[in-house]
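Hydrogens, waters and symmetry mates play no part in the numbers below; they use all other heavy atoms, side chains included. We count ligands from 1, going down the list as the structure has it; atoms in each ligand are counted the same way.
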Amino acid sequence: MPHNEALSYSETGQGTPVVLLHGFPLCRDIWLQQRQRLSDRYRVITPDLRGHGQSPAPTGVYTMDALAQDVLALLDALEIKQAVLMGHSLGGYVTLAAWKLAPERFLALGLIDSHASADTEEGRQGRYQMVEKVTARGSQVVADVMLPRLFSPYLDIENPIINQVRQMILATPTAGIIGALQGMAERPDVTGQLPEINVPVLLLAGNKDQIIPLEKAQAMATVIPQATLTVIENAGHMPMLELPMTTTMAISHFLNTVVGK
Ligand code: MLT
């Protein structure tokens, strides 16, 4: 029986539960502005995934199923039978794994700058090389490699969100970074699962995403039966921080349409 990690999380507001999962190697704080606004109408829960933020960071490979089981265990602990689950990037991979494990638990899903494919062989090798570098030199290496690609190339280099994200990456335990890199490298292609998703799915993506191109969301929109594709113009991989109001409004509009208040 795999061991679930008890996740650290924030919870604000009342109403239909809306769970927002962050990406790699970040933490719940990326959702701060969305949490504040959406909690007027919803019970917003933002966990830190295993190995990130304030959650436990065991050694070992973090498979997408293990990360999803942690989220399902959190829903159990909060006595939530059904929720809306949305994930950014790695959080989106976890969202799809959670759907596969327990589709009855979800009213709607959201994939934010995410996709359903496995890594290419080149991508997988890149992850293992990064594991070696992080083992030798710590999380600083990931910050240096990822930061230039996380935002729209047009983002003002003085924008404080860049340093904010750098601090989040630096604060992520190396065991968490390594576990997530190995888990992402091993993750299966779940594209075949997309036509079976029988709840509404928000596909939200920045058109300047340099990590997961917009075409991924456009392709998923053609095979997910109840997909809503929303493109955030001039945002990169981090629309919730680059254009927080636009992102919140897109999520809010989707929630209003699919679950109401
Ligand atoms: C993320 O933003 O969660 C990761 O960059 C996703 C990935 O590396 O596949």
Using a 4.0 Å cut-off to any heavy atom of L90, which atoms of ligand 1 qualify?
1 (C), 3 (O)

How close does the nearest protein non-hydrogen atom get to atom 4 (C) of ligand 1, and which residue and atom is it?
S89 OG, 3.4 Å

Purely on distance, is any nitrogen or oxygen of I211 under 3.5 Å from one on ligand 1?
no

How far is atom 9 (O) of ligand 1 from its nearest protein heavy atom, and which residue and atom name does that atom have?
Y93 OH, 2.5 Å

With L21, the side-chain contact (heavy atoms from CB on, under 4.5 Å) member among P47, S89, S114
P47

Applying side-chain contact (heavy atoms from CB on, under 4.5 Å) between H115 and each of V190, I212, D189, T191, report the one that passes.
I212

Counting from 1, what ligand 1 atoms have a heavy atom of M146 closer than 4.0 Å?
5 (O)

Parallel, tilted or perpendicular, as decided by the 30° and 60° cut-offs, for the rings of H52 and F24
perpendicular

Do K208 and D113 sit within salt-bridge range, that is, some charged N less than 4.0 Å from a carboxylate O?
no

Charged N to carboxylate O below 4.0 Å: is that the case for R105 and D76?
yes

Hydrophobic clusters here meaning ILVMFWY residues chained together by side-chain heavy-atom distances under 4.5 Å, can you tell me if L90 and L101 are in one?
yes

Distance under 4.0 Å to a non-hydrogen atom of G23: what atoms of ligand 1 satisfy this?
3 (O)

Of the listed options R187, R127, H22, H237, closest to atom 2 (O) of ligand 1 (non-hydrogen atoms)
H237

